[in-house]
Amino acid sequence: MIAGIIDSTNKAGFWEKTIGEEFEYTIASDVNGLKKCDIILVSEEYCGGAIGTVIADIQTYERFRDVPVAAVTSECSCENQEILLGMGFDDVVRLPISGQLLIRRLRGIAAVSLRESSEHMMNIDNIMEINDGDSGAYCVRSVDFTNIFRFVLRVLERTQKNAQMLVMKLDHIGDKTPAENRQTMSILAESVRKCLRRGDMSSVCGDDRVVILLIGADDEGGHLVASRIVSSFYSKCADDSYELSYDIREVRTTT
């Protein structure tokens, strides 16, 4: 089994000690340095606040489309795990961890991905068993957002309905630690989730924005939703060095 690792080369000793006897591996500074592999590991300590950009870059490579990607982090809060999963990571490996347990985790992650791609192909029985019991918006991974958006465009064209694309952008003044940024993004993601309606769609993209698709909304309705999100965010975020802005565009379909 081959692991591709995005981390500092100074950590080569750590990876050799923990997985070197069980895995072939390559350490690279970014995705361009990775070749064929069965699993990709991304160090949050190494990537810092750019980890969202790293996973987005990985997802653009066709050869890595079916390769599971796990974030490796020493930040073990539930909020951080949710943010990393929302960015598109398939799993989160928390440090410190014993070498034996790490190897088991990595083999398990790779095995689950393989089974999902080969044994659980979608069929009519699978589809009929899907039950979306959530009463709010549809929150998806950033890697899935584009494909779902293409499908929604076709539905809008057929039904002649309106939609608005809303991007909430989070900026800050001064230096912030990755943990502070993750916590604030978690607040924003939760504010978005609570302000949207059933049928809308949102996705955390990167480490500073949330993309939202408002189905059936006009410009006035889109700005109303954006204002609600801004008010909800500031009511929960006590750090006034963070600034939330938004951009809204009408979704146009070709006829």
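In this text the structure is predicted, and so the values were computed from the model without any measurement.
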| Partners passing side-chain hydrogen bond (donor to acceptor under 3.5 Å, both in side chains) against Glu62 (at least two apart in sequence or in another chain) |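 If we apply the side-chain hydrogen bond (donor to acceptor under 3.5 Å, both in side chains) test to Glu62, skipping adjacent residues, the hits are Arg65.
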
| said: Which residue is it: Arg94, Glu75, Arg182? I am looking for the one with a side-chain hydrogen bond (donor to acceptor under 3.5 Å, both in side chains) to Asn80. | reply: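 That would be Arg182.
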
| Arg249: side chain to side chain contact (heavy atoms under 4.5 Å, CB included) partners, not counting sequence neighbours |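 Expected list: Asp247.
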
| request: Mind checking side chain to side chain contact (heavy atoms under 4.5 Å, CB included) for Ser245 and listing every partner two or more places apart, or none if nothing turns up? | output: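 Checked Ser245 against side chain to side chain contact (heavy atoms under 4.5 Å, CB included); matches are Lys169, Asp171.
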
| request: Kindly compute the distance separating CG (Leu102) from OG1 (Thr18), expressed to the nearest 0.5 Å. | output: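 Answer rounded to 0.5 Å: 5.5 Å.
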
Any side-chain to backbone donor/acceptor pair from [X] onto [Y]? Under 3.5 Å, distance only.
X      : Y      : value
Gln81  : Val92  : no
Asp38  : Ile2   : yes
Tyr46  : Lys11  : no
Ser8   : Asn10  : yes
Arg197 : Ile215 : yes

| Salt bridge Glu190-Lys236, side-chain N to carboxylate O under 4.0 Å |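 Salt bridge flag = no for Lys236 with Glu190.
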
Is the closest side-chain donor-acceptor distance between [X] and [Y] under 3.5 Å?
X      : Y      : answer
Ser186 : Glu79  : no
Glu180 : Tyr242 : no
Ser241 : Lys176 : yes
Asn32  : Tyr61  : yes

| message | Looking at every non-hydrogen atom in both residues, tell me the closest pair between Ile6 and Cys47 and how far apart they are. | response |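 Nearest heavy atoms, Ile6 then Cys47: CG2-SG, 4.2 Å.
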
